[in-house]
Amino acid sequence: MEPNAVKKKVPNPADVHVGARIRMRRMILGISQEKLGTALGVTFQQVQKYEKGATRVGAGRLLEIANYLGVPISYFFETAVFEALEARGPSGAIVTVTDAFDQFVKSSEGIKLNNAFLGINDPAVRRHLLDLVVSMSRNGQNG
C-alpha cells in the first residue's frame, strides 16, 4: 500500500445490522429519513450514515430511535440474526455472512411486498397468491 493511500474503513457488522433494522422499521412505518432526522435533531444524511452502519449509533441515540419508532431496544439486537452475521474464515479472520433472505426482507421491495401481502385479509386469496408466486419462481418448491 502506498504511504499516502487512504485506507477505507469497513463498518462493523453489528453496526450494519443495527442500521439495517433502523431502516427496515422506518420504512415499515413510512417515515422518511428527513422526518426521523428532525425528530432526533440530526440531518437526514446522519440518518443515512446510521442506516448504512457507517456511523455507530450510541446507546442514548438508539433509545431515542427505538422510542420514536415504537419498538423495544431489543428489536435492534435479534440474537439469531446476530449470531449469523460473523463467521471465521479459513485464515481465522472474521468474515461477514450475507443472507439473501435477510437482505431481501430489509430491502424496499421486500418491505413493500410484505406490507401489501399483510394487507390481504382473505386467507384464500393469500394462499392463491402464494401458489402463483411459487409457480412462477425458479425453484417452484411449495412451502
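Scope of the values below: all heavy atoms of this structure, side chains included, with no hydrogens, waters or symmetry mates. Counting from 1, the numbers follow the sequence of the chain as shown.
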Could you please spell out the steps behind the side-chain contact (heavy atoms from CB on, under 4.5 Å) verdict for Glu51 and Arg26? CA-CA 10 Å; Glu51 290 182 356; Arg26 178 184 59 75; 2.6 Å; yes

So with a 6.0 Å cut-off around CD of Gln45, is the heavy-atom count from everything else above 12? yes

For the student: nearest non-hydrogen atoms of [X] and [Y], plus distance:
| X | Y | answer |
| --- | --- | --- |
| Arg25 | Tyr75 | CB-OH, 3.4 Å |
| Leu118 | Arg126 | O-NH2, 3.1 Å |
| Phe76 | Arg21 | CD2-CB, 3.8 Å |
| Gly53 | Pro11 | O-CB, 3.4 Å |
| Ile31 | Leu69 | CD1-CD2, 4.0 Å |

Just verifying a value: how many Å separate [X] [atom1] and [Y] [atom2], rounded to the nearest 0.5 Å?
| X | Y | atom1 | atom2 | value |
| --- | --- | --- | --- | --- |
| Met27 | Ser107 | CE | OG | 7.5 Å |
| Arg56 | Lys49 | CZ | NZ | 15.0 Å |
| Arg127 | Ile120 | CZ | CD1 | 13.5 Å |
| Ile28 | Asn114 | CD1 | CG | 7.5 Å |

Transitively linked via ILVMFWY side-chain contacts under 4.5 Å: Val47 with Leu63? yes

Group every Ile, Leu, Val, Met, Phe, Trp and Tyr by side-chain heavy-atom contacts under 4.5 Å, then state whether Val10 and Val16 land in the same group. no

Under a 4.5 Å cut-off applied to non-hydrogen side-chain atoms, are Leu62 and Ile22 in contact? yes

Below 4.5 Å, heavy atoms only, C-beta onward: do Lys35 and Tyr68 meet side chain to side chain? yes

Please walk me through it: do Arg23 and Tyr50 pass side-chain contact (heavy atoms from CB on, under 4.5 Å)? CA-CA 9 Å; Arg23 180 177 183 275; Tyr50 290 151; over 6 Å; no

Are Arg61 and Glu64 close enough for a salt bridge, meaning some N to O gap below 4.0 Å? yes

Determine whether Ile73 and Ile65 satisfy the following criterion, side-chain contact (heavy atoms from CB on, under 4.5 Å), listing intermediate values before the conclusion. CA-CA 9 Å; Ile73 210 153; Ile65 292 169; over 6 Å; no

